[in-house]
> 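After the structure tokens below, expect a handful of questions from me.
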There are 2 protein chains.
Amino acid sequence: MSISSRFTVGIHILVLIELNKKGISSSEFLAGSVNTNPTLIRKIMGMLKKAGLIEVQPGIAGAKLAKEPFFITLLDVYKAVDVVKEKELFSVHENPHPDCLVGRNIQDSITPVLSAAQLALEKVLGNVTIKDIVKDIVEKEKCKIKIN
Amino acid sequence: MSISSRFTVGIHILVLIELNKKGISSSEFLAGSVNTNPTLIRKIMGMLKKAGLIEVQPGIAGAKLAKEPFFITLLDVYKAVDVVKEKELFSVHENPHPDCLVGRNIQDSITPVLSAAQLALEKVLGNVTIKDIVKDIVEKEKCKIKIN
DNA sequence: AATCATGTATTTAATTTGAATACAACGTAT
DNA sequence: ATACGTTGTATTCAAATTAAATACATGATT
């Protein structure tokens, strides 16, 4: 089991739009870098747009960030692309037997822990911004040039 | 997308074995409380056994905890039932384009964040034990009796 | 020997994912 | 205004995962 790559593709899209801000980031251009098909990109772009992270217009080529990259966290992306529903990262077995002490209490008992775990994960994502990733990528690239 | 219920069922199994320690916890008995079929229970029991959390013997009815419940964390269960592979909670899109600045750096750039997020989640699970859940369930039941 | 439990393999249906195709709606350029 | 390229959206397809279900070999007890 794994969280859909829509999330990491979403990050990829936003970072590339920022680094290509002087160019035109069409769905085909983005798809080339991600190495997938433009339909998937457009689908994800639609989600990012709906969440207010990018601006796109039908018929006009190219997407732009709707906010400064410093104000877009990975958590924003995570929620935008809807990979994990609220409090449903962990699935709980349905209909445990109510005649059993454990069966009738287990869900209420573990749900808070599971929610806390999920929140801890989300908090980490909330502390990293698109700007951080952009900077890191530029930095990594500098190192590569030095080496070569 | 959701993490397999094997995890929460695993917790259910361990808690029930503990609370039924004076009785015999056969796979059929456990299946009754979880409200699923005994095969799934045995499959999960096999994983818990392999991880050294319970003791079961072929042909002999009933499972016992292999450790005191205080020494079994939810993280132990989580790892035992193998719901999420190491560092693979998030899936990353394969083969981004190496000719693109973003494409050739994005994976190395976001992997540490994703790992940190996953570790934060696991840390929360590591801080809760089966004993905690057992105590909580007993407590909840007391309240219910008071109310009724 | 008969019975019951565990352990394991296999099949099935349901769900999700990503890839792919098709096409309507929209804007721009000629 | 016509043609072309782009976005937006619906639909189909194959692959993977999950849980349910069945079957049966292995082991232990009576």
Side-chain angles (χ1 to χ4, degrees), chain A residues 1-10 12-13 17 20 23-32 34-51 53-64 66 80-85 88-96, chain B residues 1-10 12-13 17 20 23-32 34-51 53-64 66 80-85 88-96:
Chain A
M1 193 294 321
S2 224
I3 292 176
S4 166
S5 66
R6 279 203 307 275
F7 175 41
T8 51
V9 172
H12 189 140
I13 290 173
I17 290 175
N20 184 46
I24 293 175
S25 297
S26 67
S27 65
E28 195 172 343
F29 168 76
L30 296 168
V34 175
N35 193 23
T36 182
N37 58 69
T39 310
L40 179 61
I41 298 294
R42 287 202 288 272
K43 193 172 171 187
I44 296 174
M45 283 202 314
M47 292 173 160
L48 296 175
K49 180 183 180 179
K50 197 174 173 186
L53 302 184
I54 65 173
E55 290 168 352
V56 206
Q57 285 184 349
I60 303 179
K64 297 288 175 188
V81 298
D82 200 34
V83 281
V84 174
K85 294 191 188 75
E88 290 186 17
L89 174 58
F90 297 96
S91 51
V92 181
H93 198 280
E94 301 297 321
N95 307 318
Chain B
M1 194 294 319
S2 224
I3 291 176
S4 167
S5 66
R6 280 203 307 276
F7 174 43
T8 50
V9 172
H12 190 140
I13 290 173
I17 290 174
N20 185 44
I24 293 176
S25 297
S26 67
S27 63
E28 196 173 341
F29 168 75
L30 296 168
V34 176
N35 192 24
T36 182
N37 58 72
T39 310
L40 179 61
I41 297 294
R42 288 202 288 272
K43 193 174 173 186
I44 297 174
M45 285 204 311
M47 292 174 159
L48 297 174
K49 180 183 181 180
K50 198 175 172 185
L53 302 184
I54 64 173
E55 290 168 353
V56 206
Q57 284 183 350
I60 302 179
K64 297 288 176 187
V81 297
D82 200 34
V83 280
V84 175
K85 294 191 186 75
E88 291 187 17
L89 174 57
F90 297 96
S91 51
V92 181
H93 197 279
E94 300 300 320
N95 309 316

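Chain A is the first sequence line, chain B the second, and so forth, proteins listed ahead of strands; every chain is numbered from 1.
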> What's the closest nucleotide to the side chain of B:Leu40 if the choices are D:dA28, D:dA20, C:dG7?
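Looking only at side-chain atoms, B:Leu40 lies closest to D:dA20.
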
> For A:Lys43 and D:dT11, give me the distance from atom NZ to atom P, rounded to whole Å.
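One finds 12 Å between P of D:dT11 and NZ of A:Lys43, rounded.
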
> Considering only heavy atoms from C-beta outward, does the side chain of B:Asn20 approach that of B:Leu30 to under 4.5 Å?
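They are not in contact (no side-chain heavy atoms under 4.5 Å apart), so the answer is no.
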
> Using whole Å, what does the distance between atom P of nucleotide D:dT26 and atom CD of B:Gln57 come to?
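The answer, rounded to whole Å, is 18 Å.
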
> Looking at D:dT7, D:dT18, C:dT6, which one has an atom nearest to any side-chain atom of A:Pro58?
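Selected nucleotide: D:dT7.
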
> Can you see which heavy atom on A:Ile54 is nearest to which on A:Val56, and at what distance?
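Taking every non-hydrogen atom into account, CD1-CG2, 3.5 Å.
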
> Any side-chain N or O of A:Lys49 under 4.0 Å from OP1/OP2 of D:dG8?
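Yes, such a contact exists.
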
> C:dT6 phosphate, OP1 or OP2: any side-chain N/O from B:Ser26 under 4.0 angstrom?
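Negative; the distance criterion is not met.
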
> Any side-chain N or O of A:Ser27 under 4.0 Å from OP1/OP2 of D:dT6?
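For D:dT6, neither OP1 nor OP2 has a side-chain N or O of A:Ser27 closer than 4.0 Å.
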
> When you measure only distances, ignoring hydrogens and angles, does the side chain of A:Thr39 come within 3.5 Å of the base of C:dT21 through a donor and an acceptor?
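Such a pair is found, so the answer is yes.
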
> Give the rounded distance in Å between these two atoms: CG of A:Asn37 and C1' of D:dT7.
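Atom-to-atom, A:Asn37 to D:dT7, this comes out as 15 Å.
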
> Return the nearest nucleotide to the side chain of A:Arg6; candidates are C:dG7, C:dA22, C:dT17.
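Of the candidates, C:dT17 comes closest.
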
> Answer whether the closest heavy-atom distance between the side chains of B:Lys50 and B:Met47 falls below 4.5 Å.
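Sidechains of B:Met47 and B:Lys50: no contact.
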
> Using 0.5 Å steps for rounding, measure from the NZ atom of B:Lys43 to the CG atom of B:Leu48.
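Here the interatomic distance stands at 13.0 Å.
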
> How many Å lie between CG on A:Asn35 and P on C:dA19, as a whole number?
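Rounded to the whole Å, the gap is 9 Å.
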
> What is the distance from CD of A:Glu94 to C1' of D:dT18, rounded to the nearest Å?
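Value for this atom pair: 14 Å.
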
> Would you kindly give the CD1-to-C1' distance between A:Ile44 and D:dT7, to the nearest whole Å?
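Atom CD1 in A:Ile44 sits about 15 Å away from atom C1' in D:dT7.
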
> Tell me whether the OP1 or OP2 atom of D:dA19 has a side-chain N or O from B:Ser4 closer than 4.0 Å.
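B:Ser4 to D:dA19 OP1/OP2: side-chain N or O found under 4.0 Å.
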
> Hey, which sits more toward the 5' end of DNA chain C by its nearest nucleotide, B:Val56 or A:Arg42?
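Comparing both residues, the 5'-ward one is B:Val56.
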
> Quickly work out the B:Glu55 CD to C:dG7 P distance and round it to whole Å.
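The answer, rounded to whole Å, is 12 Å.
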
> Do B:Val9 and B:Val81 touch side chain to side chain, with heavy atoms closer than 4.5 Å?
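Side-chain contact under 4.5 Å: no.
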
> Give a yes/no answer on whether the side chain of B:His93 brings an N or O atom under 4.0 Å of OP1 or OP2 in C:dA19.
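Answer is yes, contact under 4.0 Å.
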
> Which whole-number value in Å describes the distance from A:Ile24 CD1 to D:dT6 P?
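After rounding, the reported distance stands at 9 Å.
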
